[in-house]
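Heads up, the thing below is written out as structure tokens.
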Protein chains: 2
Amino acid sequence: MAPQGLDRRPTLADVGRMAGVSPTTVSFVLNPRSKQTISAATRARVLQAVNDLGYRPNRTAQSLRRSRTGTIGIVVDEPAMEAFAGETVNGAHDLAWSEGSVLLVTHTGRRPHGMRLAMDELADRQVDGLIVTCSGTRALELPETLPPLPLVLANAFDDTYAVPCFLPDERFGGRETARLLCAAGHRRLAYLTGHAGAWATSLRLEGFLEEVEQHGVARGDVVVREGYYYVDSGHALARELLALPDATRPTAIACGNDRMALGVYLAAAEAGLRIPEDLSVVGYDDHEPVITQLRPQLTTVRLPLYDMGRLAAEALAHGSVGQLPQRTYLPCPAVPRDSVAAAPGRHTDGRGPRVRETGRARHR
Amino acid sequence: MAPQGLDRRPTLADVGRMAGVSPTTVSFVLNPRSKQTISAATRARVLQAVNDLGYRPNRTAQSLRRSRTGTIGIVVDEPAMEAFAGETVNGAHDLAWSEGSVLLVTHTGRRPHGMRLAMDELADRQVDGLIVTCSGTRALELPETLPPLPLVLANAFDDTYAVPCFLPDERFGGRETARLLCAAGHRRLAYLTGHAGAWATSLRLEGFLEEVEQHGVARGDVVVREGYYYVDSGHALARELLALPDATRPTAIACGNDRMALGVYLAAAEAGLRIPEDLSVVGYDDHEPVITQLRPQLTTVRLPLYDMGRLAAEALAHGSVGQLPQRTYLPCPAVPRDSVAAAPGRHTDGRGPRVRETGRARHR
DNA sequence: GTGAAAGCGCTAACAG
DNA sequence: CTGTTAGCGCTTTCAC
């Protein structure tokens, strides 16, 4: 495929020599600019040589010259790459790739000044832009002095509003959660929250309660239990609720996240309750590693991790970071699957929960 | 911190100008080589200027000159970055970082020739070496023509034995699985396999049966059920087994992986059986997203994902790829947690399952 | 002890 | 239409 008679990568000069032209000419052939003035014959000979030698431009040299590396840096502000951040990285990767760029990925470890070290290391390699992300949505501690580079946050924000960011619209997601349940006719609802310290927690709950009222259920009638984002919390809270007599037991439980929903599944199994016939369950996150574990498949609401990464990379690739609003909120759309059924004794319109348009990004 | 009066990153020349010396001198100060001949005074002035300007070397320029980029490429041969591969990337990342390098990460997507495109894109950026990995251990289709770069596989192998690789020692892991159970006195054992097509499946089972014999249990006495690596398979298979009368029901179930173990947990909950009192369970993989979901915590066997990434990166960083054996097998060590108890009616030595030395990497 | 100069591989004026 | 030349920012040999 590339029968190069050389022991090193061929250079422009090698190609030129083989085609009997100057390196410049080769460069012109390879980088068609506006005013092309290369004869068809020369072009053909050059391309032939390029092909014969298996020539590929040295992007390091190109970068030095063009002062553009075709490289986007992404630093994950965690001790390691984690599942949630992985999705964001995927989004950034795919957009970058489609623009001919690749990703320089690092994480902050547990090092002191991890963030600054990571950013510097990437900036030194002249990345064209920088994305900072993390696993759960949160405020980031950014170094005081930022490298002079386009910078965007994904699934994270900075309290000073100095750096543009992409965030999940959690209130919207909370409303979607409620809508999935209310549209199926449920009125005895329970909501199991994640831990109160997390940025998303109160927004999800607030959205849920708002939407519930739209459906004629009083906020006060929703059984809200405070927990934390793990299986055992969902398990423990659900166990209590499911021990209630049939007449007062909630017919549907909304969970702070998918892991808690798993806990609810376990509690239901123990209580001999079937999902969704006896109990409807909605999760949150649409977190693949959990989702794939559950039968029946979990109805949930999707965190736009991939999109946050994608849009962040897009802003960098298009050089439009300057025009970005301070915060862009992306919808958390409902993902109806099999864990929600009509409330016992209720009949819905038979079309299942209506999934309304998930809407475009909102800017605030 | 870096009050540069410049609108661009300062260069060596800028530093030299400020310190009143040539760029050469600055370079000498910054790159202490064997024969240092810089006066203490000059050195001090230079470092002062470096500091004042917040100078950091341009690694693109360095790379061009030194023909070494301090960059390792890793391509994940999957449509996207996945959880298992993430661990391997973490291992490679951490080793690379400790050597002053960073990772250029990409995946092959679903593109035709994805692998070649990915490798080329990284090779063009002059990575110092290349790691190829994937999510589940398997043979890789490598392009016929490889870029002239050190290349190592992690959690993958090529059938032609042309490229060195790091692999999990699955047979060893299978033996560990059995040991955890046999040491606790279990003799009525069941083994639920993953799907037969996967490279690891038969090795795990074979190791299990081998070890079981060491403990005086005939291979034929082990109830082996063929399934696949998902929760529902573990669930379905376990449901059958747990329906058996107490006297013949297995007291312990070994699972092809952690997800199947989750299925066993669900079946146990439905059957009203407690883990580990009534049933001991062992998983495989030590896959964090699943592990963290289970109560009691799952006793399992660890896949050396992180280490495969780490060692692959180490070989590249140390330039020792040439000395690598064709295949290096890393141990899958037992991870005793809470899902294994002494077999009913048996008393063990009270120290729980003995965990023997997990051993070093074996080369074949 | 320090600096001038050449060059890594490529691009882009500017000549011819 | 094509080639010469001058760098991008850095390292390194060799001269002073």
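Protein chains get the first letters and strands the later ones, always in sequence-line order, with residue 1 at the start of each.
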Expressed as a whole number of angstroms, how long is the span from [X]:[atom1] to [N]:[atom2]?
| X | N | atom1 | atom2 | answer |
| --- | --- | --- | --- | --- |
| B:R45 | C:dG1 | CZ | C1' | 12 Å |
| B:R9 | D:dC8 | CZ | P | 16 Å |
| A:L12 | C:dA12 | CG | P | 12 Å |
| A:R125 | D:dC10 | CZ | P | 14 Å |
| A:D14 | C:dG9 | CG | P | 9 Å |
| A:R8 | C:dC8 | CZ | P | 9 Å |
| A:L30 | C:dT11 | CG | P | 8 Å |
| A:R17 | D:dG3 | CZ | C1' | 15 Å |

Does [N] have OP1 or OP2 sitting under 4.0 Å from an N or O in the side chain of [X]?
| X | N | answer |
| --- | --- | --- |
| A:Q62 | C:dT11 | yes |
| B:T25 | C:dG3 | yes |
| A:T11 | C:dC8 | no |
| B:T37 | C:dT2 | no |
| A:Y55 | C:dC10 | yes |

Between A:S63 and A:T60, does any side-chain donor sit less than 3.5 Å from a side-chain acceptor? no
State, without any angle test, whether A:D77 and A:T108 hold a side-chain donor-acceptor pair at a distance under 3.5 Å. yes
Closest non-hydrogen atom pair, A:M308 against A:L330: CG-CD1, 3.5 Å
Quick one: which of C:dG1, C:dG9, D:dC10 gets closest to the side chain of B:T42? C:dG1
Compute the bend angle of the helix from C:dG1-D:dC16 to C:dG16-D:dC1 from the end axes (five pairs per end), rounded to 10°. 50°
Any side-chain heavy-atom pair of A:V76 and A:E82 under 4.5 Å: no
Can you find a pair of side-chain heavy atoms, one from A:Q126 and one from B:R59, that are under 4.5 Å apart? no
Lys/Arg cation over aromatic B:F166: B:R327, 6.0 Å, 45° cone: no
Do A:R138 and A:F157 meet the cation-pi criteria used here (NZ or CZ under 6.0 Å from the six-membered ring centre, within 45° of the axis)? no
DNA chain C nearest-nucleotide lookup for A:A13 and B:G20: closer to the 5′ end is B:G20
Is A:R56 paired with B:D124 through a side-chain N to carboxylate O contact shorter than 4.0 Å? yes
B:M18: which residues meet the side chain to side chain contact (heavy atoms under 4.5 Å, CB included) condition with it, sequence neighbours left out? B:A49, B:D52, B:L53
Please evaluate residues B:L305 and B:N155 with respect to the criterion side-chain contact (heavy atoms from CB on, under 4.5 Å), reporting the C-alpha separation (whole Å), side-chain torsions for both, the decisive distance (0.1 Å), and the verdict. CA-CA 7 Å; B:L305 294 166; B:N155 199 27; 3.7 Å; yes
Using the 3.5 Å cut-off, write out each protein N or O paired with an N or O of nucleotides 12-16 of chain D and the distance between them.
unit_1	atom_1	unit_2	atom_2	d
D:dT12	OP2	B:R33	NE	3.4
D:dT12	O4	B:T24	OG1	3.3

